[in-house]
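As the structure is a prediction and not an experimental result, all values here were calculated from the model. The analysis underlying the following values was restricted to heavy atoms, covering all of them including side chains, and did not include hydrogens, waters or symmetry mates.
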Amino acid sequence: MENSKLFTGMTLEEIENCLECSGAKLRKFAKEEILFMQGEAPRLLYLLIEGEVAVCKDYLSGKRNVMTKFSDAGELFGEVYLFLEEKKYEYYAVALKESIILEIPKRFLFHNCNKNCIHHEKLIYNMLSVLAGKAYGLNRKLQLLSCNSIRQKIISALLQLKSESNIITLNMNREEMADYLGIPRPSLSRELMKMQADGLIEI
């Protein structure tokens, strides 16, 4: 939990006090167990302690579209919908393997408790920082999706991940990358091969 952005700048004692004040609970989910359903009203903030969770949407064809995955301890999910008035989940979350999740009630994030605890103020400030980071990330994705060609989308995505060594390690496979960029997977593979043949990248 100390590695989570939600608890940045907080001592272990402050984290424990937050969990006690909020009524947070640890829950264990089995593989393929649903954490929340599409169309359900948001009530909880979720923090991954252990395991792996995917946020997905199913289509009438039966295809499951994985919107994003969470596998690093301390990652938050479900936070955006908590702050959208009367908005229900448009996706569902499923455990990809046995997982342990910290669930924090929504009400704790909207106001200070009766004790006016400093640690509560820190947590709310951190939550605002997380939401700002999420908005920034969505803005970057919008820039990718607004590119005119598949090659431009790929190049923009790679430049966002580029390190000083010019080596990029992707945190997704080709199918996931194709979903992220909004293009068919075969088209992504063909374009990557063309870019390699043109000397732009080496895979």
Side-chain angles (χ1 to χ4, degrees), residues 1-11 14-27 29 33-58 64-96 99-146 160 171-172 176 179-180 182:
M1 291 184 205
E2 289 177 290
N3 296 327
S4 174
K5 293 179 181 178
L6 186 64
F7 300 119
T8 298
M10 298 175 67
T11 65
E14 287 176 324
I15 294 172
E16 290 174 347
N17 288 336
C18 268
L19 299 182
E20 184 178 345
C21 287
S22 67
K25 294 181 180 178
L26 281 175
R27 283 190 61 193
F29 290 85
E33 187 174 355
I34 300 295
L35 281 72
F36 59 79
M37 290 293 297
Q38 190 172 326
E40 188 177 311
R43 298 180 298 104
L44 300 165
L45 173 66
Y46 298 91
L47 191 151
L48 181 67
I49 302 298
E50 184 181 305
E52 187 174 16
V53 171
V55 175
C56 312
K57 188 165 188 173
D58 291 344
R64 172 187 282 184
N65 189 7
V66 178
M67 311 305 293
T68 187
K69 287 182 182 179
F70 301 96
S71 57
D72 295 331
E75 286 192 283
L76 291 171
F77 56 99
E79 72 279 11
V80 172
Y81 283 87
L82 289 178
F83 295 90
L84 295 175
E85 190 174 352
E86 298 181 2
K87 190 71 174 175
K88 296 182 179 179
Y89 291 122
E90 296 174 346
Y91 310 100
Y92 66 91
V94 58
L96 297 181
S99 301
I100 299 174
I101 308 294
L102 178 70
E103 297 179 338
I104 302 175
K106 171 181 177 178
R107 63 181 181 276
F108 188 68
L109 302 170
F110 281 79
H111 53 77
N112 278 336
C113 59
N114 295 332
K115 301 175 184 177
N116 290 318
C117 305
I118 296 297
H119 54 262
H120 196 163
E121 291 182 8
K122 287 183 180 179
L123 184 132
I124 292 175
Y125 176 83
N126 288 341
M127 188 73 257
L128 290 172
S129 297
V130 168
L131 292 172
K134 182 81 71 173
Y136 176 71
L138 290 173
N139 184 57
R140 295 184 81 189
K141 184 169 183 180
L142 183 60
Q143 292 175 23
L144 292 180
L145 298 178
S146 64
Q160 287 184 3
N171 59 357
M172 58 185 88
E176 291 166 344
D179 284 342
Y180 181 73

Practice task
Keeping the roles fixed (side chain from His119, backbone from Glu16), state whether a donor-acceptor pair exists under 3.5 Å.
Solution key: no
Handout entry: Listed partners of Glu75 passing side chain to side chain contact (heavy atoms under 4.5 Å, CB included), at least two apart
Key = Phe70, Asp72
Exercise for the section: Tell me, please, which residues at least two apart from Tyr89 pass ring pair (Phe, Tyr, Trp, His ring centres under 6.0 Å). Expected result: Phe36, Tyr81
Exercise for the section: Taking the side chain as every heavy atom from C-beta outward, state whether Met10 and Cys18 have any atom pair closer than 4.5 Å. Expected result: yes
Handout entry: Contacts of Ala95 that satisfy side chain to side chain contact (heavy atoms under 4.5 Å, CB included) - sequence neighbours left out
Key = Phe29, Leu35, Ser99
Please report, to 0.1 Å, the donor-acceptor pairs under 3.5 Å made by any side chain of residues 129-137, with sequence neighbours excluded.
residue	atom	partner	partner atom	Å
Ser129	OG	Tyr125	O	3.3
Lys134	NZ	Glu79	OE2	3.1

Practice task
Provide the closest heavy-atom pair for Ser4 versus Leu76 in the form atom of the first, atom of the second, distance.
Solution key: OG-CG, 4.3 Å
Exercise for the section: Go through the structure and list residues passing salt bridge (charged side-chain N to carboxylate O under 4.0 Å, His left out) with Lys106, not counting sequence neighbours. Expected result: none
Handout entry: Arg27: side-chain hydrogen bond (donor to acceptor under 3.5 Å, both in side chains) partners, not counting sequence neighbours
Key = Glu103
Exercise for the section: Check whether any side-chain heavy atom of Asp179 sits under 4.5 Å from a side-chain heavy atom of Met172, and report yes or no. Expected result: no
Handout entry: Contacts of type salt bridge (charged side-chain N to carboxylate O under 4.0 Å, His left out), residue Lys5, not counting sequence neighbours
Key = none
Exercise for the section: Tell me, with the steps shown, if Phe108 and Leu123 meet side chain to side chain contact (heavy atoms under 4.5 Å, CB included). Expected result: CA-CA 10 Å; Phe108 188 68; Leu123 184 132; 4.1 Å; yes
Handout entry: side chain to side chain contact (heavy atoms under 4.5 Å, CB included) involving Gln143 - partner list, sequence neighbours excluded
Key = Asn139
Handout entry: Asn126 side-chain N/O to Thr8 backbone N/O, donor-acceptor pair under 3.5 Å
Key = yes
Practice task
Evaluate the side-chain proximity of Leu47 to Phe7: yes if any heavy-atom separation is below 4.5 Å, no if none is.
Solution key: yes
Exercise for the section: Would you give the length of the straight line joining atom CG of Asn171 to atom OG of Ser71, rounded to the nearest 0.5 angstrom? Expected result: 8.5 Å
Problem - Residues that Lys141 engages under salt bridge (charged side-chain N to carboxylate O under 4.0 Å, His left out), provided they are two or more places apart - result: none
Exercise for the section: Please name the pair of heavy atoms, one in Leu44 and one in Pro105, separated by the smallest distance, quoted to 0.1 Å. Expected result: CD2-CA, 3.9 Å
Practice task
Could you note down all residue pairs passing side chain to side chain donor-acceptor pair (under 3.5 Å) where residues 36-53 supplies at least one of them, sequence neighbours left out?
Solution key: none
Practice task
Tell me, yes or no, whether the heavy-atom count around Lys57 atom NZ, taken from other residues, nucleotides or ligands under 6.0 Å, exceeds 12.
Solution key: yes
Exercise for the section: Identify, with sequence neighbours excluded, every residue that meets ring pair (Phe, Tyr, Trp, His ring centres under 6.0 Å) alongside Phe83. Expected result: Phe110
Fill in the blank from the handout: CD1 (Ile124) and CE (Met127) are apart, to the nearest 0.5 Å, by 10.5 Å
Problem - Those residues that, when tested against Arg107, pass salt bridge (charged side-chain N to carboxylate O under 4.0 Å, His left out) (two or more places apart) - result: none
